[in-house]
Peer 1: 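Pasting a structure here, questions to come.
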Amino acid sequence: MSDEEVIRKETQQKLYHLQYKLENADGSDTGEHVIIATVRPETIMGDTAVCVHPNDERYKHIHGKFAIVPLINRRIPIITDEYVTMDFGTGALKVTPAHDMNDNQLGQKYGLEVVDIFNDDGTLNSAAEIYVGLDRFDARKKIVAQLAAEGYLVKTEDYTSEVGYSERTDAVVEPRLSLQWWVDMKKLSGPALDAVMNEEINFHPAKFKNLYRHWMENIKDWCISRQLWWGHRIPAYYAPDGSFAVAASKDDALKQLQSSNSSLQSHDIRQDDDCLDTWFSSWLWPFEVFKGLSDPGNAEVNYYYPTNTLVTAPEIIFFWVARMIMAGKKFMGGKPFNDVYFTGIVRDKQGRKMSKSLGNSPDLLALIDQYGADAVRFGIMIASPAGNDILFDESSLEQGRNFNNKLWNALKLIKMWEARQAEAATNHKPQTTNFAIDWFENRLNLVKTEVNEMMVQFRLSEALKTIYSLIWDDFCSWYLEWIKPGFEQPIDAAVYQKTLVYFEELMELLQPFMPFISEEIYHLLQDRKDDLCVKQVAPLQSFDSSILEAGELLKQGISALRDARNKIQVKPKDPIKLHIQATAEESYRAIENILLKQVNAESIFYTAETVPNTIVVAVEKDKFFIETERQLDTATLQAELLKDLEHQKKFLESVLKKLSNERFVQNAKPEVIALERKKQADAEARIKTIEEGLKNL
RNA sequence: GGGAGCAUAGCUCAGCUGGUUUAGAGCAUCUGCCUUACAAGCAGAGGGUCCGCGGUUCGAACCCGUGUGCUCCCA
C-alpha cells in the first residue's frame, strides 16, 4: 500500500525491556547480557543483529561479540552505527530488516540476513519457528508471557508513539518486504527534462518549470507494482525455480522459459498477481488513444500527434505530465504536446481543499439553477489565473449573473430601436453620431488584438476581464449612451446596423467564456443560419489611435464635468452652460455634440479667456468653465480645490526631482524622459487652472 | 527532513520585459439618483508604508540577499 494511505496516530503502547545473552566470537558464553527495548516483541524472531552507537561507552566492550535471540536461540552479531539514539530505551537496538524500514536500511548497509516472519494475513509463518500460524497480536501476548516466565523480560513501561494505521481499514500497518517491479527512470528523464527547459514544451505558468526540473534531476526509480484487484495485471510469469519472463501472453512467456528448461508446461508457470500502477497506463495516453504504440504510424496518430495543449492540475506534474513526456520521447521519438496549462485547485472560503469528508463542495447543479450556467462559468474563470488556486466565493457568481442581466438589457434596448428605426424612414431626420461609431470600431479592434494576445499566452482570466470591461464600460456605459436617441426619437439606420454588428462581434469574443447567452443573443440580434460556436474568427484589424485618443478626451471630459456637477450639487436635470478654453479647439469638433448631451449642457462656447463667475475644471491641458444659475457653496469648493492643488504640487515636485537628476537625464530612454516632460507640462497647466479657479470663487 | 510557491485596498485577487500622470479590478463602504435598457442598475467618491530589513540601479511592487508568516508537493 501507498505511504499516503498510512495514517500515523499517537498510540498507547508497552515498551518491553528484553535481555539477550552474549557470546564471544568463538561461541563461548561471556556471562553477560545486553538489554534491548521494543514495543513489538513478536518480531524478535526476525532479528538478525543488535546495533549500538559506536561512541556509547556502556557498550564498547561488546563490539564484535554476538547476542542470542531468546526463545529461538539464533546467534546474531553486535554491530555499531551512528543511526542509534543513545538516550532512547537502553541504547541498544534490535535490528529486524524484514519488518522495519530503518532496520532494512541498516541491514542493507551491513549485509544482514533478512528473516520475514509474517504471512500476508498477519499470522506468523514457519520462519518465526514458534507460534507459527498465530495472529501477530495473539503472538505478542504469548511471547511476552513466555519471555517473562523464562526470565528474559526485565522491565515493562508505558510508552506513547506514532503507529501507522490503514486509512481504509484502520488496521495497524506492518512493514514487510515484497517483490515489486520497477522502471529505471534515469534513462528516460534526460530528454524529458530538456524538452521543458528548452521550451520545446511550454508550461503555463512557467514557474512550474523549477518544480519540474528539481524532480527530473533527482529522479528515483518508479515502482509500478500495485497490490490491487483492479487494473492491468503485470505481464510477468514465473517458473517454479524463480526464473521469469515478461511477455504479452502466457504462451509467449512459456516459450521464453522453455528455452532454458524444456520440460516446463503451461500449468507450471504463474503470472504475477499484482497490477500496474494506474499511471503506467496513463503515461501512454497521448499516443495510445490513437493506437500509436500498438499500431505504429497509423493515419490518426500521424495526424494528431503531438497534440496541442494538455490542461491539468499542478499536483500531478510528476505523476502524469513528466511521465507522458518521457513516454512520448521514448516510444514516439517526440513530445506529446506543445503546451501544458495548469489550472488551480478550487478551495472553499477558508482555503481548504474541497472534499467529500469535509462536505465543503458546492452543489454545482444547484448553483447553475440559482445563477445560470454561464454565470457559474464566468464566476470561476474570472477568478482563476493559471496555476493559482481559487477561493470559491459565490460573489463572483453573482457578478456573472449581473453580467448576464446587463447583456439582456442591452439587447432589449437595441431591440427597441429596431421598431423606431422602421418608423424613422418616413418622417424624421435622424441625428448623426459618426464619432461614436468610429470610436467603438477602433476600440473593438484594439481590444480584440489585446484579447488575442492574452489567449495565445493562456492568460484566460485576464482576457475575460478585458472582454467584460469592453462590454460593460465601453459598449454599454459609453457607446450605447452616446448613440442613444432622445425620448421617442428614431435612430439612424446606419448607426443601428453598425450597432448590431458590434454586438455580434462582442458575442463572438465572449463565446468561449459564456457560450449559452452569447449564442442566444447572436441569433436574436438577426435571423441567422450559422452558429456562433462553430464560427470562424475573423482576422484581426488595425486601429487608429488618434480616434481612440479623442475618445479618451471625451470620456475624461464627461467624467470631470459629472464629478464637478456632483461636487457643486447641480442636479443631473439642471442644465448648465459650458465654456471651453482649449489648446486645440478642433479636437472638440467631432465630440462636442456627445459631450453636450452627456453632461446636460444646453450650449457650448469656445473661449480664449477665463470666464468669470464659473466653476473651472481641468481636463488634460484644457479648461472647462461651468456656468450655472444655482447658488454655490464656495467654502466646500475651495477646500476641494486646495486639496487638488496640494496633490498636483507634490506630483510636480516629484517629476522635477527626476528631471533635475543629471544621471536620470543621461541614462533613461528618450521616450521615458519625454514622458516626464509631458507630466511636468500637464501638472503646471493644471496648477495654473486650479489657481485661476480659486481666484474665480 | 527535501523541494516549490505565495505575501499588493476591509475581502478575493490582477499588475506580462524595472520607467505609462506618485498602484488596478470585482465585492464591500460612502454620496447623489426609482434619469423611458438595466436599482442584479446609473453617476461619482473614499480607501494602499505593495510583509519587515538590507542591497543593485538614474529609477524597484517588479531584480538580488536576508528575516518573518502562510500554502502546496514528496514517486
Side-chain angles (χ1 to χ4, degrees), chain A residues 2-4 183 185 205 207-215 218-224 277 279 314-319 322-323 345 347 349 351 353 371 375 379 382-385 387-396 398-417 453-454 457 459 461-462 465-466 468-469 476-477 480-481 484 486-488 558-560 562-567 569 571-573 598-600 620 647-648 650-655 657-658 661-669 671-673 675-676 678-683 686:
Chain A
S2 154
D3 289 347
E4 294 274 285
V183 177
M185 301 304 279
K207 68 180 180 186
F208 288 116
K209 280 165 76 177
N210 290 341
L211 205 64
Y212 179 82
R213 179 174 56 199
H214 183 263
W215 167 270
N218 297 285
I219 195 142
K220 293 179 193 168
D221 288 342
W222 178 12
C223 176
I224 55 170
D277 179 9
W279 301 108
E315 69 220 57
I316 53 176
I317 288 179
F318 313 133
F319 296 120
R323 285 171 182 159
I345 298 170
R347 297 175 177 280
K349 255 185 157 173
K353 229 172 174 171
Y371 294 101
I382 197 105
S384 46
N388 280 12
D389 290 355
I390 74 162
L391 296 195
F392 181 76
D393 186 346
E394 285 193 28
S395 72
S396 69
E398 216 168 297
Q399 193 188 346
R401 180 199 60 187
N402 295 353
F403 188 38
N404 271 304
N405 197 42
K406 188 74 181 177
L407 291 166
W408 279 121
N409 280 304
L411 179 71
K412 190 171 132 195
L413 174 67
I414 291 167
K415 280 282 151 186
M416 271 171 48
W417 295 340
E453 188 65 18
M454 289 169 186
Q457 294 175 28
R459 288 153 63 188
S461 68
E462 273 182 80
K465 274 179 191 167
T466 306
Y468 172 82
S469 165
C476 293
S477 296
L480 290 181
E481 293 299 328
K484 190 190 268 182
F487 182 56
E488 295 200 332
I558 294 170
S559 290
R562 282 175 175 167
D563 182 26
R565 291 185 65 120
N566 231 348
K567 281 183 178 142
Q569 303 203 330
K571 295 237 185 287
K573 278 180 182 165
Q598 294 298 302
V599 301
N600 192 21
E620 305 251 300
H647 179 262
Q648 292 297 334
K650 267 194 180 166
F651 175 66
L652 180 61
E653 205 179 304
S654 77
V655 174
K657 201 176 154 193
K658 251 191 197 175
N661 182 340
E662 272 179 41
R663 289 204 283 177
F664 169 74
V665 182
Q666 275 168 21
N667 294 320
K669 284 181 274 184
E671 60 265 33
V672 174
I673 297 171
L675 186 72
E676 289 301 316
K678 184 175 183 314
K679 281 187 197 171
Q680 180 194 353
D682 289 356
R686 275 171 165 268

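In what follows, chains carry the letters A, B, and so on, assigned in the order in which the sequence lines appear, proteins first and then strands, with residues in each chain numbered from 1. Excluded from the calculations below are hydrogen atoms, water molecules and symmetry mates; all remaining heavy atoms, backbone and side chain alike, are included.
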Peer 1: With a 3.5 Å distance limit and no angle check, can you tell me whether T466(A) reaches the backbone of E462(A) through a side-chain donor-acceptor pair?
Peer 2: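 Flag set: sc T466(A) to bb E462(A) pair under 3.5 Å.
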Peer 1: If we take the C1' atom in both rA60(B) and rC51(B), what is their distance in whole Å?
Peer 2: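 Approximately 16 Å lies between the C1' atom of rA60(B) and that of rC51(B).
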Peer 1: Using a 4.0 Å heavy-atom cut-off across all strands, classify S469(A) as base, sugar-phosphate, or nothing.
Peer 2: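 Since no nucleic acid heavy atom lies under 4.0 Å of S469(A), the category is nothing.
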Peer 1: Could you let me know what rG44(B) is paired to, Watson-Crick or G-U wobble, both distances under 3.5 Å, or none if it's on its own?
Peer 2: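 The answer is rC30(B), by the H-bond criterion.
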Peer 1: Under 4.0 Å between a side-chain N/O of R562(A) and OP1 or OP2 of rG44(B), yes or no?
Peer 2: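 Yes, within the criterion.
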Peer 1: Write down the distance separating the P atoms in rU12(B) and rA7(B), rounded off to the nearest Å.
Peer 2: 13 Å
Peer 1: Searching all strands shown, indicate the nucleotide that pairs with rG18(B) (Watson-Crick or G-U wobble; both distances under 3.5 Å).
Peer 2: none
Peer 1: Base, sugar-phosphate, or nothing: which does N667(A) touch, judged by heavy atoms less than 4.0 Å apart?
Peer 2: base
Peer 1: For rC63(B) versus rG69(B), give the span between their C1' atoms, rounded off to a whole number of Å.
Peer 2: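 Between the two C1' atoms, the distance is 23 Å.
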Peer 1: Indicate, with a heavy-atom threshold strictly under 4.0 Å, whether K412(A) touches base, sugar-phosphate, or nothing.
Peer 2: sugar-phosphate
Peer 1: Identify the heavy atoms of V183(A) and I224(A) that sit nearest to each other, and give their distance.
Peer 2: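 Closest approach of V183(A) to I224(A): CG2-CG2, 3.7 Å.
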Peer 1: Rounding to an integer number of Å, can you tell me how far K484(A) NZ sits from rU36(B) P?
Peer 2: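 After rounding, the reported distance stands at 9 Å.
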Peer 1: Say we look at rA39(B) and rU35(B): how far apart would their C1' atoms be, to the nearest angstrom?
Peer 2: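 The answer is 12 Å between these two C1' atoms.
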Peer 1: Please report the distance, rounded to the nearest Å, between CD in E662(A) and P in rC58(B).
Peer 2: 13 Å
Peer 1: Round to a whole Å and report the spacing from CD of Q680(A) to C1' of rU20(B).
Peer 2: 17 Å
Peer 1: Contact class for D682(A) vs. all strands (heavy atom < 4.0 Å): base, sugar-phosphate, or nothing?
Peer 2: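 Here D682(A) touches the bases of the nucleic acid.
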Peer 1: When the distance from CD of E671(A) to C1' of rU17(B) is rounded to whole Å, what number comes out?
Peer 2: 13 Å
Peer 1: Among rC42(B), rC58(B), rU22(B), which is the nearest nucleotide to the side chain of K406(A)?
Peer 2: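 Out of rC42(B), rC58(B), rU22(B), the nucleotide with an atom closest to K406(A)'s side chain is rC42(B).
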Peer 1: How long is the line joining CD of Q399(A) and C1' of rA28(B), in whole Å?
Peer 2: 13 Å
Peer 1: Hey, does the side-chain of K679(A) have a donor or acceptor N/O within less than 3.5 Å of a partner on the base of rU20(B)?
Peer 2: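 Answer is no: no donor-acceptor pair is held.
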Peer 1: Base, sugar-phosphate alone, or nothing: which one does F319(A) contact when heavy atoms must sit under 4.0 Å apart?
Peer 2: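 It contacts sugar-phosphate atoms only.
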Peer 1: Return the value, rounded to whole Å, for the distance between atom NE2 of H647(A) and atom P of rA45(B).
Peer 2: 13 Å
Peer 1: Is there a salt bridge (charged side-chain N to carboxylate O under 4.0 Å, His left out) between E481(A) and K484(A) once you walk through the steps?
Peer 2: CA-CA 5 Å; E481(A) 293 299 328; K484(A) 190 190 268 182; 3.4 Å; yes
Peer 1: Under 4.0 Å, counting only non-hydrogen atoms across every strand here, what does R565(A) touch: a base, just sugar-phosphate, or nothing?
Peer 2: nothing
Peer 1: I'd like the P distance from rA45(B) over to rA25(B), given in whole Å.
Peer 2: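 Here rA25(B) and rA45(B) have their P atoms 11 Å from each other.
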Peer 1: Among rG26(B), rG44(B), rC38(B), find the nucleotide with the atom closest to the side chain of E481(A).
Peer 2: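 The answer is rC38(B), which lies nearest to the side chain.
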Peer 1: Looking across every strand, which nucleic acid part, if any, lies under 4.0 Å from D277(A) by heavy atom: base, sugar-phosphate, or nothing?
Peer 2: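 Touches nothing.
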Peer 1: Looking at Q399(A) and I382(A), what are the two nearest heavy atoms and their distance?
Peer 2: OE1-CG2, 4.5 Å
Peer 1: Could you tell me how far rU21(B) sits from rG26(B) if I compare only their C1' atoms? Round to whole Å.
Peer 2: 25 Å
Peer 1: Roughly how far apart, to the nearest Å, are rG5(B) and rU57(B) at atom C1'?
Peer 2: 27 Å
Peer 1: When we call it a touch if two heavy atoms are under 4.0 Å apart, what does F318(A) touch: a base, just sugar-phosphate, or nothing?
Peer 2: sugar-phosphate
Peer 1: Name the closest nucleotide to the S477(A) side chain, picking from rG15(B), rA43(B), rC38(B).
Peer 2: rA43(B)
Peer 1: Base, sugar-phosphate or nothing for W215(A)? Non-hydrogen atoms, less than 4.0 Å.
Peer 2: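 Result for W215(A) = base.
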Peer 1: Quick test: give all pairs of protein nitrogen or oxygen and nucleotides 2-5 of chain B nitrogen or oxygen below 3.5 Å, distance rounded to 0.1 Å.
Peer 2:
unit_1	atom_1	unit_2	atom_2	d
rG3(B)	O2'	H214(A)	ND1	3.3
rG5(B)	OP1	N210(A)	ND2	2.6

Peer 1: If you only use heavy atoms from C-beta on, which nucleotide in rC58(B), rU22(B), rA14(B) is closest to the side chain of R663(A)?
Peer 2: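 Looking only at heavy atoms from C-beta outward on R663(A), the closest nucleotide is rC58(B).
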Peer 1: Is there a Watson-Crick or G-U wobble partner for rG1(B) with both distances under 3.5 Å, and which nucleotide is it?
Peer 2: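 rC74(B) - that is the nucleotide pairing with rG1(B), both distances being under 3.5 Å.
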Peer 1: Would you indicate what K650(A) reaches in the nucleic acid, counting non-hydrogen atoms under 4.0 angstrom: base, sugar-phosphate, or nothing?
Peer 2: base
Peer 1: Counting any heavy atom closer than 4.0 Å, what does S559(A) reach on the DNA or RNA strands: base, sugar-phosphate only, or nothing?
Peer 2: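 Answer is sugar-phosphate: S559(A) comes under 4.0 Å of backbone atoms only.
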Peer 1: Using 0.5 Å steps for rounding, measure from the CH2 atom of W215(A) to the CD1 atom of I317(A).
Peer 2: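 So the gap between those two atoms works out to 10.5 Å.
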Peer 1: Nearest to the side chain of R323(A), which nucleotide is it out of rC16(B), rA37(B), rA75(B)?
Peer 2: rA75(B)
Peer 1: Between R686(A) and D682(A), does a salt bridge (charged side-chain N to carboxylate O under 4.0 Å, His left out) hold up when you go through it step by step?
Peer 2: CA-CA 6 Å; R686(A) 275 171 165 268; D682(A) 289 356; over 6 Å; no
Peer 1: With a 4.0 Å cut-off on heavy atoms, is C223(A) in touch with a base, just the backbone sugar-phosphate, or nothing at all?
Peer 2: nothing
Peer 1: For residues F664(A) and K658(A), report the shortest heavy-atom separation together with the two atoms involved.
Peer 2: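 Closest approach of F664(A) to K658(A), heavy atoms only: CD2-O, 3.3 Å.
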Peer 1: If you compare all heavy atoms of L480(A) against all heavy atoms of A410(A), which two are closest, and at what distance to 0.1 Å?
Peer 2: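 Scanning both residues completely, I find the closest heavy atoms to be CD1-CB, 4.1 Å.
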Peer 1: Counting only side-chain N and O atoms of N402(A), is one of them less than 4.0 Å from OP1 or OP2 of rA40(B)?
Peer 2: no
Peer 1: Indicate the atoms forming the closest heavy-atom contact of G400(A) with A375(A), along with that distance.
Peer 2: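 Nearest heavy atoms, G400(A) then A375(A): C-CB, 3.6 Å.
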Peer 1: With rounding to the closest Å, how many angstrom separate the P atoms on rC72(B) and rC64(B)?
Peer 2: 25 Å
Peer 1: Can you tell which of rG19(B), rU21(B), rC38(B) lies closest to the side chain of N405(A)?
Peer 2: rC38(B)
Peer 1: What nucleotide, of rA37(B), rA40(B), rA14(B), holds the atom closest to the side chain of R401(A)?
Peer 2: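 From the listed options, rA40(B) comes nearest.
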Peer 1: Taking atom P of rA75(B) as reference, at what distance in whole Å does atom CD1 of I316(A) sit?
Peer 2: 15 Å
Peer 1: Mind listing the closest non-hydrogen atom pair of A683(A) and L652(A) along with its distance?
Peer 2: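 Looking at all heavy atoms of both residues, the closest pair is CB-CD1, 4.0 Å.
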Peer 1: Base, sugar-phosphate, or nothing: which does I317(A) touch, judged by heavy atoms less than 4.0 Å apart?
Peer 2: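 No contact at all - I317(A) keeps every heavy atom at 4.0 Å or more from the nucleic acid.
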Peer 1: Quick one, R323(A) and F319(A) - any side-chain contact, counting heavy atoms below 4.5 Å?
Peer 2: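 SC-SC contact between R323(A) and F319(A) confirmed.
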Peer 1: What I'd like to find out is whether the side chain of R459(A) reaches to under 4.5 Å of the side chain of E453(A), using heavy atoms alone.
Peer 2: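 Heavy-atom side-chain distance check fails, nothing below 4.5 Å.
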Peer 1: Side-chain N or O of K415(A) versus OP1/OP2 of rA37(B): is the shortest distance under 4.0 Å?
Peer 2: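 Result: no.
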Peer 1: Is any side-chain nitrogen or oxygen of K678(A) closer than 4.0 Å to OP1 or OP2 of rU20(B)?
Peer 2: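 The answer is no; no side-chain N or O of K678(A) sits under 4.0 Å from OP1 or OP2.
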Peer 1: Both distances below 3.5 Å, Watson-Crick or wobble geometry, any strand: find the nucleotide opposite rA25(B).
Peer 2: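 Pairing partner: rU12(B).
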Peer 1: Now, which nucleotide makes the Watson-Crick or G-U wobble pair with rC51(B), with each of the two distances under 3.5 Å?
Peer 2: rG67(B)
Peer 1: rC38(B) P sits how many Å from L413(A) CG, rounded?
Peer 2: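 Checked: the CG to P distance equals 9 Å.
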